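Structure record follows, encoded as structure tokens.
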Amino acid sequence: MAKVIQPFDPKDVVAHPEAYFRRAYVWQVPVRLTHWVNALCVTVLFLTGLYIASPILAPSGEPAHHFVMGRIRQIHFAAGIIFVISFLVRIYWFWAGNNYARSGFPFVWRASWWRDLFRQATDYLKLERGHVHLGHNALGGSAYTFFVIFLGWVQIFTGLALYSETNPAGTLNKLFGWVIPLLGNSYRTHMIHHLVAWAFPIFALLHIYIVTYDSTQYGNGLITSIISGYKFYRQGDIRNDEWLS
Amino acid sequence: MNNLSSLSTYDVLRQHGVDRRDFLRFCVTTAAAMGLEASMVPTVVAAMETKPRIPVIWLHGLECTCCSESFIRSSHPIAQDIILNMISLDYDDTLQAAAGFQVEAIRKKLIKDHPGGYLLAVEGNAPTKDGGVYCTVGGDTFLNVLKETAEHAKAIVAWGSCASNGCVQAAHPNPTGAMPVHKLITDKPIINVPGCPPIAEVMTGVLTYILIFDALPELDRIGRPKMFYGQRIHDKCYRRAFFDAGQFVESWDDDGARKGWCLYKMGCRGPTTYNSCSTFKWNNGVSFPIGSGHGCIGCSEAGFWDNGPFYQRLSNVVVPGIDATPNTIGEVLGAAAVIGVGSHLVSTVVRQNARKIHVDDTPPADSKGE
């Protein structure tokens with residue numbers, strides 16, 4: 001039977017934490033590591049990408065003495081390659097990691113996944129504490145799948161295809177060059193790459209807001225969990241992860 | 001006609017009074033233009049001396065004839081003369097002397113006399129809507145003429161952007177349903193030579209290669225010869241140093257424009273265009289658009305008309321009823337996300353019961369991930 005405590009007594013929590021919280025190790029090292037590498041890379045990629053599309057610095061003097069655009073492009077490409085590696089490590093960990101590493105996957109063939117999706121969406125709209133998950137909830141998982149995985153793939157394929165243009169006889173071109181004729185031409189590939197890039201700051205905004213909301217409203221240590229790996233839960237909360245196999 | 005076609009290029013040139021020295025000079029130039037080693041020059045010479053000229057049928061569909069104009073202006077007078085003599089240009093309705101029914105009779109006779117032996121050069125493309133009535137030649141639709149002629153061709157050379165990727169007549173909304181050759185003919189080897197028009201030296205280079213090696217040159221994914229379309233204009237652009245340095249022209253009359261800085265911010269399509277303009281240049285190597293201070297418009301790229309405006313680096317994204325660049329779309333969606341987050345945050349703060357905490361009395365169970 002659930003009862004409602006209001007207000008929450010901080011002294012009692014400090015005195016008897018075990019009466020309130022349990023700690024669970026949720027995010028393993030590769031999950032946390034790739035999260036932060038991705039966050040850093042996406043930030044660098046977005047900012048350098050905007051600069052590449054619209055270079056604003058104008059160094060004076062002889063071109064031989066400057067390498068502004070060239071350097072920014074180098075940083076963009078380097079960050080892109082690091083992002084790809086981090087992305088692949090995370091995909092490997094999808095299989096190798098614990099169940100929580102897989103919890104963001106959209107299990108669309110399971111009725112329980114759809115129930116969780118609907119429940120989480122209404123919880124957020126009703127501004128209630130709702131159902132706490134240790135892994136991802138279905139709504140969060142869908143957002144990560146769409147913004148990070150799907151659009152991440154779009155950026156990786158278009159990005160590597162555009163990068164491979166600098167060496168048309170190279171291996172990268174053999175692997176990714178087909179993307180350009182598929183999307184029409186090089187210019188359109190640039191446009192799609194640029195347009196999709198905007199999804200990432202929008203995602204970052206929503207993501208940071210919702211984890212802050214969850215962390216403060218649910219008291220589950222969500223924000224610190226991506227640093228420490230540990231999440232907090234209360235009895236009953238764990239049941240909401242049952243739809244995970 | 002059979003008799004003429006069986007003559008080699010060298011035979012015809014001698015008949016036209018070209019001496020052997022000039023002939024050899026041409027062979028060396030052509031070999032160099034195709035990127036062949038010096039040791040390959042004798043092969044070029046031998047091919048020119050011994051191989052019978054290829055009979056060529058040159059069709060004109062929906063187009064502006066700029067490819068022909070470019071072709072007959074190949075850089076050196078000697079080259080122009082040689083090229084027109086190198087192939088046996090037996091049918092070309094804009095260049096030949098014959099007219100009317102006679103012309104079409106020649107084409108039909110050629111198909112009958114050289115089945116599988118002639119080269120089909122197509123300039124322009126065929127409209128497909130309403131039975132192809134938007135382009136007719138000699139009373140028949142160009143679509144039919146093209147299919148009929150392509151059926152027995154050895155290979156097809158698609159001249160220019162029209163034949164290679166559709167060009168202006170296939171630009172949105174493409175009212176006549178114009179389609180490039182490779183979408184209409186699928187059972188023949190096709191070489192795409194895009195450009196509006198293609199560079200004369202590129203056109204002659206392609207024909208020379210076919211004549212010498214009796215095969216199509218190595219093609220890329222979309223059927224373009226790698227030797228001429230293997231790199232972007234940007235990769236060989238003489239203004240590339242300004243691009244890497246970050247020195248860009250901001251307006252047509254600024255200091256950067258006078259100093260010849262990079263035209264990237266003025267919408268130059270050099271970084272996204274595969275062509276040889278920055279190496280061969282135009283009009284006997286005099287200049288090319290970027291050399292004259294104007295950005296490239298990307299005329300050899302598929303759908304380049306739909307990537308406008310030409311003077312903007314980022315084109316407009318076609319959303320019904322809205323004209324916006326990707327940045328505008330990003331800013332609008334970003335603002336919408338901020339508003340959504342902000343209103344949720346405000347409602348959360350306003351609604352105090354969101355801070356209620358539900359606790360179960362039953363003792364905690366261990367977590368699965370522990």
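Quantities reported herein were computed from a predicted structural model and do not represent experimental measurements. We use all heavy atoms of the structure for the numbers below, so side chains are in, but hydrogens, waters and symmetry mates are not. Lettering of chains follows the sequences in order, A, B, ..., and the numbering in each one begins at 1.
- Residue Leu314(B) touches chain A through both its backbone and its side chain, counting heavy-atom pairs closer than 4.5 Å.
- Under a cut-off of 6.0 angstrom, the local environment of NZ in Lys236(B) is sparse, with at most 12 non-hydrogen atoms contributed by other residues, nucleotides or ligands.
- In terms of heavy-atom pairs under 4.5 Å with chain B, the best-connected choice from Arg73(A), His194(A), Met69(A), His190(A) is Met69(A).
- Taking every heavy atom of both residues into account, Ser186(A) and Pro271(B) meet most closely at OG-O, 4.2 Å.
- Your options are Lys226(B), Arg269(B), Gln231(B), and the one with the most heavy-atom pairs under 4.5 Å with chain A is Arg269(B).
- Only the backbone of Ser60(A) comes within contact range of chain B, judged by heavy atoms closer than 4.5 Å.
- At a 4.5 Å heavy-atom cutoff, the contact between Leu50(A) and chain B is made by side-chain atoms alone.
- Remark: Ile72(A) CD1 to Asp244(B) CG distance equals 12.0 Å, nearest 0.5 Å.
- Residues Arg221(B) and Pro181(A) approach most closely at CD-CG, 4.2 Å, considering heavy atoms.
- Remark: Ser54(A) OG to Arg313(B) CZ distance equals 10.5 Å, nearest 0.5 Å.
- Heavy-atom minimum distance, Ala53(A) versus Tyr264(B): CA-OH, 3.9 Å.
- For Asn327(B), the parts sitting under 4.5 Å from any heavy atom of chain A are the backbone and the side chain alike.
- Comparing His66(A), Lys231(A), Glu62(A), His65(A) by how many heavy-atom pairs each has under 4.5 Å with chain B, the most go to His66(A).
- Closest approach of Ala241(B) and Pro63(A) over heavy atoms only: O-CB, 3.8 Å.
- Listed options Leu162(A), Val68(A), Ile56(A) were ranked by heavy-atom pairs under 4.5 angstrom with chain B; first place goes to Val68(A).
- Looking only at distances, a side-chain donor or acceptor of Gln247(B) sits under 3.5 Å from a matching main-chain atom of Pro59(A).
- Heavy atoms closer than 4.5 Å to chain B are found in both the backbone and the side chain of Ile52(A).
- Counting heavy atoms from C-beta outward, Asp306(B) and Arg188(A) have side chains that approach closer than 4.5 Å.
- Inspection of the Tyr124(A) and His344(B) side chains reveals no N or O donor paired with an N or O acceptor under 3.5 Å.
- Ile208(A) has its side chain out of reach of Val341(B): every pair of non-hydrogen atoms, C-beta onward, lies at least 4.5 Å apart.
- Both the backbone and the side chain of Asn173(A) have a heavy atom closer than 4.5 Å to some heavy atom of chain B.
- For the atom pair Leu333(B) CG and Leu205(A) CG, the distance stands at 12.0 Å (nearest 0.5 Å).
- Note: Tyr209(A) OH to Leu345(B) CG = 4.5 Å, rounded to the nearest 0.5 Å.
- Across all non-hydrogen atoms, the minimal contact from Ile202(A) to Gly330(B) is CD1-O, 4.0 Å.
- Pro201(A) does not touch chain B: none of its heavy atoms, backbone or side chain, sits under 4.5 Å away.
- Phe243(B) touches chain A through backbone and side chain together, each having a heavy atom under 4.5 Å away.
- Looking at Arg239(B), there are no atoms closer than 4.5 Å to chain A (heavy atoms on both sides), in backbone or side chain.
- Atom OG1 of Thr272(B) is separated from atom CD of Glu165(A) by 7.5 Å, given to the nearest 0.5 angstrom.
- Interface residue Asp235(B): only side-chain heavy atoms are found under 4.5 Å from chain A.
- Looking only at distances, no side-chain donor or acceptor of Tyr187(A) sits under 3.5 Å from a matching main-chain atom of Gly303(B).
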